[in-house]
Amino acid sequence: MLRGTNLYELTMTAVSLAVAAVPEGLPAIVTVALALGVLRMSRRHALVRRLPAVETLGSTTIICTDKTGTLTAGEMTVRGLYVAGQSFEVTGDGYGPDGEVRLAGKKPEAEYTAPLLELATVLLGCNNSHLVEEDGDWHTVGDPTEGALLSAGAKAGGNRKQIEAELPKHHAIPFDSDRKRNTVIRKMPDGRLRALINGAPDMLLELCTEISTGTGVRPMTDEDRRSIETLNTAMAQQALRVLGSAYRDLDNASPAELAADAVERNLVFVGLTGMYDPPRQEAKNAVAKCRAACVRVVMITGDHPHTAAAIAREIGLATGDESVIAGMEMENISDDELQQRALKTVVYARVTALHKLRIIRALKTDKEAVVAMTGDGVNDAPAIKGADIGIAMGQSGTEVTKQAADMIITDDNFATIVAAVEEGRGIYDNIRKTLQYLLAGNTGELLLMTICVAIGLPSPLLPIHLLWINLVTDGLPALCLATDPIDPDVMQRHPRPRTESMTDRSFLRSMLLTGVLTAGVAFAVYLLVLKTEPLETARTYAFTVLVFAELLRSFGARSETKQVWRISLFTNLNLVIVVAVSFGLQVWSQHNAILGRILKTSSMPLTDCLLLMALATIPLLVLEGVKMVRRARR
């Protein structure tokens with residue numbers, strides 16, 4: 001206005017500056033990046049229920065995971081039985097009938113037939129699963145643990161159909177994580193009721209007052225308890241999941257009177273069953289990947305501490321120095337002490353749902369920690385809700401748990417959780433570099449417009465030019481950057497701090513440097529052409545060199561650390577195609593009258609186009625040189 005510029009030209013300049021400042025395609029591109037990332041996750045068996053969880057996944061520092069079926073295969077096979085004071089070996093793999101019960105490598109003598117049958121009756125009678133055969137392969141319908149008990153019970157001489165016929169089910173008290181046992185009450189042939197119970201041996205022993213031996217039932221002594229506890233520990237140290245079996249005869253009562261507290265006491269101890277659940281091979285690799293990515297993995301399980309520790313060592317989760325905390329121990333320590341011990345503890349065993357919530361709260365006292373928590377039962381919902389990322393199991397998880405979760409793992413596999421963290425990091429990187437690319441381009445446009453207006457030169461770009469750059473030559477490459485493949489080294493880095501801003505100092509420095517370089521090249525071309533050619537021609541040259549610089553810079557924007565020649569073009573063919581088409585459209589706009597009128601550009605010789613293309617490589621080459629210097633310093 002001080003220079004006497006007319007109001008129309010002044011308004012057009014102001015509009016041009018506003019257009020240059022706003023990255024119009026950014027909201028759509030970020031949404032597309034998140035949506036396509038979620039689609040990629042779903043292909044890797046991870047269903048994200050809330051889009052913001054994708055960003056949180058990328059900064060995960062601690063993953064709390066269950067053991068059975070997540071770190072292990074979830075395919076139980078009974079390896080040993082203990083009954084009537086003797087330990088028996090069980091042969092055969094999986095849920096099929098192949099295999100037998102052996103004592104010292106031989107078939108047991110007749111004196112052990114009755115005790116084994118008694119244990120088999122508890123294993124088969126206290127069971128809600130079924131075994132089915134399909135194409136020669138046996139698998140369980142229901143809980144894998146109960147499937148393994150069915151197979152072992154049959155090998156020990158039991159007959160499921162006979163039990164169902166002769167001992168009809170009267171009532172059932174389902175398993176829960178606090179009691180850690182399952183009870184089925186059946187009606188005996190003489191009319192009495194008998195409660196058959198399977199559960200955690202250490203907790204079951206506390207309820208037993210008698211023990212079944214080869215010669216009958218007698219009171220349980222302290223020596224009996226110590227012997228069973230010693231054997232339970234020995235089996236657990238062999239990575240076996242140990243289950244205790246017991247029974248109790250009851251008077252006739254209605255189901256309403258058969259509550260857990262009334263039934264599960266004064267029990268007769270029958271025996272132990274040791275099951276092996278092999279670790280998943282992919283879980284071992286995933287744990288190693290987590291170590292490389294500086295992500296802590298914490299096992300939280302209801303199994304015996306020795307079983308949990310043995311599996312943790314097998315998969316490389318524990319090296320022997322880390323501590324193991326049992327649920328009973330947690331009852332006796334304060335929250336402050338738990339917070340201190342949580343820094344080094346990698347295994348929590350014999351835990352309840354309440355313990356899980358305490359563990360999550362203890363881990364989250366570290367303000368930089370981002371905690372992911374897995375769960376499947378109804379009681380796990382509070383802990384899942386309390387974590388930064390709640391993860392539900394798709395196969396074994398309840399509907400309540402899935403509704404509380406941010407993400408659902410459809411294959412119940414720990415490796416899928418790690419893959420989701422990897423995807424989360426990759427999506428965050430893609431959004432960051434897309435934002436960097438768009439804002440750096442806008443900075444260059446804004447600087448070019450501002451400099452020319454400030455020194456009194458005519459506006460070098462019209463609003464239509466800026467819209468073309470922002471929506472076509474910036475927007476489409478940015479969309480390709482948002483879908484760039486994940487950097488193979490993404491899991492070799494530390495998790496980003498949860499308080500770190502996406503637009504940190506490094507981001508802003510790169511953005512300003514890029515803006516100065518692109519604006520500098522375009523300004524130099526505009527100034528030189530304006531001295532000898534009309535204003536429209538000068539604008540055409542400035543517009544073209546700016547477009548070329550932006551398109552070429554998209555290849556360098558794929559990584560903040562790797563030079564453009566170290567990234568294969570074939571890993572993002574969409575970007576190559578988009579850049580090639582955009583180059584073609586830009587050149588065509590100088591040779592097509594209709595497009596030229598729309599964009600208000602003049603004709604340009606092809607030799608000048610090649611010269612401008614060469615000049616447009618300057619920002620890219622300088623930025624790649626900066627990457628080399630930074631890499632050398634590191």
Side-chain angles (χ1 to χ4, degrees), residues 80-88 111-112 114-127 149 153 156 158 163 167 169-236 242-274 302 304 326-328 331 350 352:
L81 301 174
Y82 172 79
V83 63
Q86 288 290 342
S87 294
F88 298 85
E111 63 182 289
Y112 295 112
L116 283 171
L117 182 59
E118 188 173 49
L119 177 59
T121 301
V122 180
L123 298 181
L124 297 173
C126 182
N127 206 303
L149 298 182
I163 291 173
L167 310 177
K169 183 185 290 187
H170 179 270
H171 183 60
I173 306 173
F175 174 90
D176 69 54
S177 58
D178 293 329
R179 291 169 37 250
K180 297 195 181 301
R181 52 188 172 270
N182 178 33
T183 298
V184 172
I185 300 171
R186 294 185 175 274
K187 195 168 185 177
M188 303 295 286
D190 59 6
R192 291 179 298 114
L193 297 180
R194 173 169 288 187
L196 308 177
I197 302 150
N198 288 320
D202 42 354
M203 300 181 75
L204 197 65
L205 273 176
E206 297 176 1
L207 306 173
C208 292
T209 56
E210 296 178 295
I211 184 171
S212 178
T213 66
T215 57
V217 177
R218 61 171 174 79
M220 179 176 281
T221 64
D222 291 339
E223 185 178 349
D224 291 330
R225 294 183 189 277
R226 285 194 295 271
S227 176
I228 295 169
E229 288 170 354
T230 300
L231 184 61
N232 179 31
T233 300
M235 294 172 78
V242 188
L243 208 64
S245 297
Y247 71 87
R248 181 189 173 197
D249 290 329
L250 306 167
D251 295 328
N252 283 317
S254 65
E257 299 173 319
L258 298 175
D261 292 340
V263 172
E264 296 170 348
R265 56 189 176 86
N266 301 325
L267 306 179
V268 178
F269 183 82
V270 177
L272 298 175
T273 304
H304 191 283
M328 292 296 291
E331 299 284 353
R350 284 284 189 258
T352 64

For Asp190, check salt bridge (charged side-chain N to carboxylate O under 4.0 Å, His left out) against everything at least two apart and list the hits.
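Residues passing salt bridge (charged side-chain N to carboxylate O under 4.0 Å, His left out) with Asp190: Arg192.
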
Considering non-hydrogen atoms only, spot the tightest contact between [X] and [Y] and give its length.
{"X": "His304", "Y": "Arg350", "answer": "N-NH1, 3.1 Å"}
{"X": "Ala156", "Y": "Leu116", "answer": "O-CB, 3.8 Å"}
{"X": "Arg225", "Y": "Cys208", "answer": "NH2-O, 2.6 Å"}
{"X": "Ile163", "Y": "Gly125", "answer": "CG2-CA, 4.2 Å"}
{"X": "Leu250", "Y": "Ala195", "answer": "CD1-CB, 4.1 Å"}
{"X": "Leu119", "Y": "Tyr82", "answer": "CD2-O, 4.4 Å"}

[atom1] of [X] to [atom2] of [Y]: how many Å apart, nearest 0.5 Å?
{"X": "Ile185", "Y": "Arg194", "atom1": "CD1", "atom2": "CZ", "result": "12.5 Å"}
{"X": "Leu149", "Y": "Asn127", "atom1": "CG", "atom2": "CG", "result": "6.0 Å"}
{"X": "Glu264", "Y": "Met203", "atom1": "CD", "atom2": "CE", "result": "10.0 Å"}
{"X": "Leu243", "Y": "Leu272", "atom1": "CG", "atom2": "CG", "result": "9.0 Å"}
{"X": "Arg181", "Y": "Asp176", "atom1": "CZ", "atom2": "CG", "result": "8.0 Å"}
{"X": "His170", "Y": "Lys187", "atom1": "NE2", "atom2": "NZ", "result": "6.5 Å"}

Could you work out, with side chain to side chain donor-acceptor pair (under 3.5 Å) as the rule, every residue matching Ser245, not counting sequence neighbours?
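Per chain and number, Ser245 pairs via side chain to side chain donor-acceptor pair (under 3.5 Å) with Asn198.
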
Quiz: residues 226-233 side-chain donor-acceptor pairs under 3.5 angstrom, not counting sequence neighbours:
{"residue": "Thr230", "atom": "OG1", "partner": "Arg226", "partner atom": "O", "Å": "2.8"}
{"residue": "Thr233", "atom": "OG1", "partner": "Glu229", "partner atom": "O", "Å": "3.0"}

Sub-3.5 Å donor-acceptor pair from the side chain of Arg179 to the main-chain atoms of Pro174, do we have one?
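The answer is yes, because a donor-acceptor pair under 3.5 Å joins these two groups.
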
Dump the intermediate steps for side-chain contact (heavy atoms from CB on, under 4.5 Å) on Thr213 and Arg218, then the final yes or no.
CA-CA 8 Å; Thr213 66; Arg218 61 171 174 79; 3.7 Å; yes

Using side-chain heavy atoms (C-beta onward) and a distance below 4.5 Å, is Thr121 in contact with Cys126?
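When only atoms from C-beta onward are counted, Cys126 and Thr121 do not touch, as no gap falls below 4.5 Å.
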
So do the side chains of Arg186 and Lys169 get within less than 4.5 Å of each other, counting heavy atoms only?
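Result yes, sub-4.5 Å side-chain heavy-atom pair found.
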
Let me see the working for Lys180 and Asp202 under side-chain contact (heavy atoms from CB on, under 4.5 Å), right down to the final yes or no.
CA-CA 10 Å; Lys180 297 195 181 301; Asp202 42 354; over 6 Å; no

Count the heavy atoms belonging to other residues, nucleotides or ligands that lie under 6.0 Å from CE of Met328, then report whether that count exceeds 12.
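Open.
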
